[in-house]
Amino acid sequence: LNDFLRAHNRRVTLNEIKAQVAAYYKIKVSELESTCRRREFVRPRQVGMYLSRVLTQRSYPEIGRSYRRDHTTIIHGFERIRARCESDPALAADIEAIKRLFRD
C-alpha cells in the first residue's frame with residue numbers, strides 16, 4: 001500500500017509536463033518555449049501552462065520563467081484553457097488524457 005500511495009503522490013515537474021504536452025501534440029519542447037504565435041504551438045503551450053498550474057504548486061512567475069513568458073501571459077493562458085474546457089469537450093478530453101499520463 002505504501003508503494004501505491006507513493007507512486008500516486010509523486011511530484012510532477014514543469015519539465016515533465018512540457019515533455020508530455022509536446023509528445024501528446026507531436027511538437028518539440030523548444031516549440032512550446034518559443035515566441036512563435038502559430039496556432040499549432042499556441043494551444044499546446046497554453047495547455048502546458050494550464051497543466052503546470054493545476055498539477056504543481058508553482059507560482060505564475062515560476063511557470064512563466066519555465067516557458068520564457070511573463071506571469072501575466074501564464075495567467076491569460078490558464079484562464080483561456082479553463083474557459084475553453086467548458087465549451088470544448090475535445091480539449092477537455094485532451095487535458096484529461098495528458099493528466100492520465102502522470103497517474104499511470
Side-chain angles (χ1 to χ4, degrees):
L1 186 62
N2 236 358
D3 293 333
F4 176 76
L5 292 175
R6 196 173 316 123
H8 287 287
N9 288 332
R10 78 176 185 87
R11 296 221 167 171
V12 178
T13 67
L14 296 176
N15 287 333
E16 288 173 330
I17 292 170
K18 289 191 288 190
Q20 289 291 352
V21 169
Y24 186 83
Y25 285 103
K26 297 175 178 62
I27 62 173
K28 297 176 186 172
V29 172
S30 61
E31 293 167 333
L32 284 178
E33 299 170 342
S34 76
T35 58
C36 183
R37 294 183 179 179
R38 290 176 30 201
R39 183 176 298 219
E40 60 265 22
F41 303 139
V42 172
R43 175 68 53 84
R45 185 180 301 136
Q46 288 179 338
V47 167
M49 293 172 185
Y50 175 83
L51 289 172
S52 294
R53 186 67 177 156
V54 169
L55 297 177
T56 70
Q57 298 296 314
R58 303 292 183 166
S59 67
Y60 288 119
E62 288 175 305
I63 297 169
R65 282 190 292 277
S66 177
Y67 283 89
R68 299 180 184 157
R69 299 285 191 286
D70 187 72
H71 75 281
T72 57
T73 304
I74 305 303
I75 295 169
H76 172 77
F78 175 82
E79 294 296 332
R80 181 131 182 166
I81 294 299
R82 186 174 64 169
R84 280 246 164 110
C85 280
E86 295 173 6
S87 62
D88 185 355
L91 178 61
D94 286 347
I95 290 174
E96 281 306 312
I98 297 169
K99 280 183 179 179
R100 212 172 303 116
L101 295 172
F102 293 106
R103 284 184 238 144
D104 296 340

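Side chains are part of it too, since the values below use all heavy atoms of this structure and drop only hydrogens, waters and symmetry mates. Everything numeric here is computed off the predicted structure, so don't read it as measured data.
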May I ask you to check whether Asn15 and Thr13 show a side-chain donor-acceptor distance below 3.5 Å?
->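 No donor-acceptor contact under 3.5 Å links the two side chains.
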[X] [atom1] to [Y] [atom2] distance, which is reported to the nearest 0.5 Å:
X: Ile81; Y: Leu91; atom1: CD1; atom2: CG; result: 5.0 Å
X: Arg65; Y: Arg58; atom1: CZ; atom2: CZ; result: 9.5 Å
X: Leu55; Y: Leu14; atom1: CG; atom2: CG; result: 10.0 Å

Side-chain donor or acceptor of [X] paired with backbone N/O of [Y] under 3.5 Å:
X: Arg45; Y: Thr35; result: no
X: Tyr67; Y: Gly48; result: yes
X: Lys18; Y: Ser66; result: yes

Using side-chain heavy atoms (C-beta onward) and a distance below 4.5 Å, is [X] in contact with [Y]?
X: His71; Y: Ile75; answer: yes
X: Asp94; Y: Val47; answer: no
X: Val54; Y: Lys99; answer: yes
X: Gln46; Y: Arg84; answer: no
X: Arg53; Y: Ile74; answer: no
X: Tyr50; Y: Arg80; answer: no

Among the clusters formed by ILVMFWY side chains lying less than 4.5 Å apart, do [X] and [Y] turn up in the same one?
X: Ile98; Y: Ile27; value: yes
X: Tyr25; Y: Val29; value: no
X: Ile63; Y: Val42; value: no

Please work out whether the ring planes of Tyr60 and Phe78 are parallel, tilted or perpendicular, with thresholds of 30° and 60°.
->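 Rings of Tyr60 and Phe78: perpendicular, as their planes differ by over 60°.
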Identify, with sequence neighbours excluded, every residue that meets ring pair (Phe, Tyr, Trp, His ring centres under 6.0 Å) alongside Phe41.
->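 Not a single residue meets the ring pair (Phe, Tyr, Trp, His ring centres under 6.0 Å) criterion with Phe41.
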Over 12 non-hydrogen atoms of neighbours within 6.0 angstrom of CD in Glu96 |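 For Glu96, atom CD is crowded (more than 12 foreign heavy atoms under 6.0 Å).
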Residues forming a salt bridge (charged side-chain N to carboxylate O under 4.0 Å, His left out) with Glu31, sequence neighbours excluded |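 If we apply the salt bridge (charged side-chain N to carboxylate O under 4.0 Å, His left out) test to Glu31, skipping adjacent residues, there are no hits.
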Pairing residues for Arg82 by the salt bridge (charged side-chain N to carboxylate O under 4.0 Å, His left out) criterion, not counting sequence neighbours =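 Expected list: Glu79.
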Might you point out which heavy atoms bring Phe102 and Ile17 nearest each other, and give the distance in Å?
->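 Smallest heavy-atom distance, with atoms named: CZ-CA, 3.6 Å.
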If every non-hydrogen atom of Ala92 is compared with every non-hydrogen atom of Cys85, which pair is closest and at what distance?
->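 Closest approach of Ala92 to Cys85: CB-O, 3.8 Å.
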